[in-house]
Amino acid sequence: KIEVNFKLIIFYFFREFYSKEVKDNQFEVDLYFVAIDYLVSVNSGQIIAGNTQERRAFKQRWTFSGQKGALRVEKMKEFKI
């Protein structure tokens, strides 16, 4: 039996974000937001991690690269708040 899960994040609001160019064709975006974050089993529909009632603050840095119209995420880093 294969267990399939998916992560569900419900965004409440973005607090702020910053963007900076790292080098040619690469930039970083820092996101600060509040969300409800939990993991649901596709097979059973049960919540297996997180909480559907608790709002949580996040800070993440996403690094993108590529040309206009063909961007890809190089990495995503989450910071503790």
Side-chain angles (χ1 to χ4, degrees):
K1 182 177 177 182
I2 297 174
E3 180 74 14
V4 178
N5 303 309
F6 65 92
K7 191 170 186 82
L8 183 60
I9 299 177
I10 300 172
F11 290 100
Y12 270 91
F13 60 89
F14 277 97
R15 295 188 342 205
E16 55 190 295
F17 71 95
Y18 301 98
S19 176
K20 71 174 184 175
E21 187 173 0
V22 178
K23 55 186 172 184
D24 286 343
N25 299 323
Q26 190 176 56
F27 65 95
E28 293 178 340
V29 177
D30 286 355
L31 302 170
Y32 303 84
F33 58 94
V34 174
I36 294 177
D37 178 23
Y38 57 97
L39 186 65
V40 176
S41 166
V42 172
N43 296 342
S44 68
Q46 298 285 328
I47 296 168
I48 57 176
N51 185 325
T52 61
Q53 303 298 314
E54 184 180 324
R55 294 180 186 184
R56 184 175 152 217
F58 289 86
K59 178 183 177 187
Q60 296 178 347
R61 177 171 293 144
W62 290 62
T63 304
F64 297 89
S65 67
Q67 300 292 334
K68 184 177 180 180
L71 291 176
R72 67 178 179 272
V73 176
E74 289 292 323
K75 64 182 175 179
M76 190 279 288
K77 180 177 181 180
E78 188 162 330
F79 298 93
K80 289 191 176 191
I81 296 182

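The first residue of the sequence shown is numbered 1, and numbering continues consecutively from there.
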Within one Ile-Leu-Val-Met-Phe-Trp-Tyr cluster: F79 and V73, side-chain cutoff 4.5 Å: no

Pairing residues for K59 by the side chain to side chain donor-acceptor pair (under 3.5 Å) criterion, not counting sequence neighbours: Y32

Between CZ on residue F64 and NZ on residue K75, distance to nearest 0.5 Å: 13.0 Å

All side chain to side chain donor-acceptor pair (under 3.5 Å) counterparts of S65, not counting sequence neighbours: E74

E28 side, atom CD; M76 side, atom CE - distance, nearest 0.5 Å: 13.5 Å

All side chain to side chain donor-acceptor pair (under 3.5 Å) counterparts of E78, not counting sequence neighbours: R56, Q60

Nearest non-hydrogen partners of I36 and N51, listed with the distance: CG2-O, 3.3 Å

For D30, side chain to side chain donor-acceptor pair (under 3.5 Å) partners two or more places apart: R61

Listed partners of E21 passing side-chain contact (heavy atoms from CB on, under 4.5 Å), at least two apart: D24

Which atom of I81 lies closest to which atom of F58, heavy atoms considered: CD1-C, 3.2 Å

S41 versus I48, closest heavy-atom pair with distance: CB-CG2, 4.2 Å

Heavy-atom pair of closest approach, residues S19 and V29: OG-CG2, 4.1 Å

Residues in side-chain contact (heavy atoms from CB on, under 4.5 Å) contact with L71, at least two apart in sequence or another chain: F27

